[in-house]
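All remarks here apply to the structure that follows.
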There are 2 protein chains.
Amino acid sequence: MVRAAELYYEDGKTQDEIGALLRTTRWKVGRLLAKARDRGIVRIEIVHPRARRLALERLLRERFGLADAIVVPAADDSEVQASVARAAADYLAALRPVPRVLGISWGRTLSAVAERLAPGWASEVRVVQINGGISLSSSPGSGAGSAASTAAMIAQKAGGQAILLPSPAILEHAATKAAIESDRTVAGVLQLAGSATAFLFSAGVADASSVLVESGYLTADDVEALVERGAVGDVVGRFIDASGRIVDDALDARTVGIGHDALRAAKTSVLVIAGESKHPVARAVVSSGLCSVIVTDEATAQALTQEPQKQHSAGPQNSSLSPQQTQGVPHA
Amino acid sequence: MVRAAELYYEDGKTQDEIGALLRTTRWKVGRLLAKARDRGIVRIEIVHPRARRLALERLLRERFGLADAIVVPAADDSEVQASVARAAADYLAALRPVPRVLGISWGRTLSAVAERLAPGWASEVRVVQINGGISLSSSPGSGAGSAASTAAMIAQKAGGQAILLPSPAILEHAATKAAIESDRTVAGVLQLAGSATAFLFSAGVADASSVLVESGYLTADDVEALVERGAVGDVVGRFIDASGRIVDDALDARTVGIGHDALRAAKTSVLVIAGESKHPVARAVVSSGLCSVIVTDEATAQALTQEPQKQHSAGPQNSSLSPQQTQGVPHA
DNA sequence: TCCCTATCTGCTCATATGAGCACCATTGGC
DNA sequence: GCCAATGGTGCTCATATGAGCAGATAGGGA
């Protein structure tokens with residue numbers, strides 16, 4: 001019965017084909033499927049895209065001590081980004097107290113959030129970039145997806161002011177970085193960024209597809225070297241390992257922007273993250289306390305709540321019905 | 001789009017009907033549905049009936065400090081009982097160390113478990129009834145569903161011995177109860193029951209459908225009076241309130257069988273419970289530590305992990321995307 | 001043992017549905 | 001302003017599918 005249901009609904013085979021495969025008539029298959037349907041073996045569920053996964057949200061909050069968690073239902077893989085971005089935009093707009101200074105990172109995700117923010121989502125917000133970045137529109141596909149325009153759009157939609165960080169993300173020498181940070185303008189922006197009442201940021205994966213590689217701050221080889229040293233991804237340009245620690249202090253000393261301590265100290269720091277490739281970074285960020293709120297998709301949330309080591313649980317859970325342990329010791 | 005999907009998959013309407021309703025053509029509806037399907041708004045899932053809900057199991061273990069939890073996927077309402085019973089049977093068979101003395105209650109659920117136990121599931125098990133009960137087959141539908149035959153079947157399938165408790169469940173006078181418990185046979189059975197290495201029991205709902213009413217130990221009025229005093233259900237014939245406490249000490253003094261302390265003290269006491277009507281009792285049992293293992297269905301498990309007070313969360317979660325609180329205080 | 005009933009099986013037929021196709025609208029480049 | 005391209009719309013047609021029905025099968029009581 002289960003086999004028939006799989007062949008029909010998952011492999012899209014016709015009932016005759018299944019009949020031939022299972023050596024029965026197509027009518028039997030039809031009836032089998034009907035039975036499977038009302039026995040609940042085939043479950044058809046309509047997912048309201050705006051609905052949330054409250055159970056997972058609660059689990060995340062409890063597991064990681066988060067102030068809040070937003071989990072949107074899993075959509076088609078290309079839609080998750082959009083769906084999570086919308087949720088993040090809604091969350092930001094509903095955030096109370098309304099942040100007076102909002103610190104943001106930049107990248108594809110933040111850009112998507114900015115696009116989906118409702119005009120007039122707030123008023124008198126100062127939107128400040130918290131890490132250095134590209135200034136000219138580099139991603140050809142996503143139109144106005146630059147660092148500057150993200151901040152600008154968020155600010156503009158609130159009728160507020162955008163404060164940009166006029167600096168590259170990563171400099172070639174630590175000395176240059178020190179110099180640029182001592183520049184009055186840059187120092188001012190960073191100070192403002194440090195005093196932000198809320199942060200909104202995403203995280204990047206440590207691989208060649210990183211925006212830092214795309215915009216030329218690092219080479220694919222650089223990133224590979226970081227991965228070998230345990231890097232799982234970057235948060236505001238700074239690469240961390242699975243436990244949330246900075247991987248390369250020398251590199252970090254050449255990176256412009258607020259430090260991770262500022263994020264950890266903030267009352268409200270919102271991580272927006274979606275997609276399977278980001279699961280490892282998401283885990284690192286969440287479990288190391290870099291964010292107090294997470295906005296993500298169902299699959300990521302699920303992955304976060306699974307056992308840390310197992311990467312892929314590979315398909316439906318077919319584990320047999322055996323008691324795992326009978327010691328009677330609850331494992332908190 | 002969501003509306004169309006609901007009308008089609010949930011209300012079973014035809015595509016032109018939906019077309020008429022939404023003032024479009026049936027082709028548009030067809031395409032809309034196709035889009036909804038691969039966007040993941042309509043989710044079709046094949047549930048392996050033997051699969052388990054590992055996430056919920058973990059949540060239950062953590063929330064209630066259980067040694068183990070088995071949660072089977074929600075099937076059609078009439079099937080849950082069967083499905084949970086099978087899981088319980090499997091669990092019992094796989095339990096290590098194999099119990100030498102197994103204490104069991106009786107009722108529809110236990111009978112269903114007994115039926116599904118594999119012959120030869122264990123050897124040299126002594127199965128002892130832990131509460132008094134009916135002796136002649138009273139439930140007409142379920143064939144051999146009496147208290148005695150449940151124990152007998154479980155024992156027989158293990159090639160073991162059944163020790164029955166030759167006593168009514170509830171006596172009219174406490175004195176009679178004391179007398180019967182001082183009877184050598186009864187006392188011996190109770191002592192053996194108290195020393196069981198594992199318990200397997202279910203719980204009854206406090207309403208007129210209770211087996212205790214059906215078999216004449218109590219009247220519907222009696223039960224109603226108990227409910228008014230806070231009773232949510234009974235465990236081995238003893239009625240408890242939402243916090244797991246005995247509701248009526250006088251009645252309890254007339255009830256024959258082991259006490260709840262024995263269950264609480266046991267290393268392995270397995271609650272088998274299924275169905276919506278049993279959610280309140282299940283909560284009472286689990287949260288008061290009466291069981292160390294629960295075997296149940298998805299819906300019950302879900303209900304247990306929801307907020308205690310809310311009864312029905314009534315339909316899909318349409319709550320808006322607003323942050324619940326922004327105090328930044330994680331609520332453990 | 002027989003018979004009655006309930007369920008299952010194979011089949012026909014009407015129909016709901018998806019693939020394919022021509023047509024129209026909207027958009028963007030020149 | 002014109003034209004190509006892209007995506008949506010209405011339609012036809014083959015077909016996969018569910019309802020309905022007669023015969024087969026099995027199970028259970030007398």
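Every chain is numbered from 1 and lettered A, B, ... according to where its sequence line falls, protein lines coming before strand lines.
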Please answer whether the main-chain N or O of Ala74(A) pairs with a side-chain N or O of Glu298(A) as donor and acceptor at a distance below 3.5 Å. yes
Euclidean distance, Ser149(B) OG relative to Trp106(B) CH2, rounded to 0.5 Å: 11.0 Å
Strictly by salt bridge (charged side-chain N to carboxylate O under 4.0 Å, His left out), give each pair with a member in residues 20-42 of chain A just once, sequence neighbours left out. Asp16(A)-Arg26(A), Arg39(A)-Glu79(B)
Toward the 5' end of DNA chain C, which comes first, Thr25(A) or Lys13(B), by nearest nucleotide? Thr25(A)
Residues which pass side-chain contact (heavy atoms from CB on, under 4.5 Å) with Ala112(B), listed by chain and number, not counting sequence neighbours: Gln81(B), Ala85(B), Arg116(B)
Rounding to 10 degrees, work out the angle separating the end axes of the helix from dT1(C)-dA30(D) to dC30(C)-dG1(D) (five pairs an end). 30°
Walk along DNA chain D from 5' to 3' and tell me the first and last nucleotide with an atom closer than 4.0 Å to a non-hydrogen atom of chain A. dA16(D) to dC21(D)
In Å and rounded to the nearest 0.5 Å, what is the CD to CD1 distance from Glu45(B) to Ile44(A)? 11.0 Å
Restricting to side chain to side chain donor-acceptor pair (under 3.5 Å), what partner residues turn up for Ser209(B), sequence neighbours left out? Asp207(B)
Where the side chain of Trp121(B) meets the backbone of Ile154(B), is there a donor-acceptor pair that is under 3.5 Å apart? yes
Thr300(A) side chain near Lys278(A) side chain, heavy-atom distance below 4.5 Å: no
Taking only heavy atoms on the protein side, list every residue of residues 14-22 of chain A lying under 4.0 Å from any atom of DNA chain C, sorted numerically. none
Does any N or O in the side chain of Thr296(B) come within less than 3.5 Å of the main-chain N or O of Ile273(B), such that one atom is a donor and the other an acceptor? yes
Looking at Lys157(B) and Leu117(B), would you say the former's side chain and the latter's main chain have a donor-acceptor pair under 3.5 Å? yes
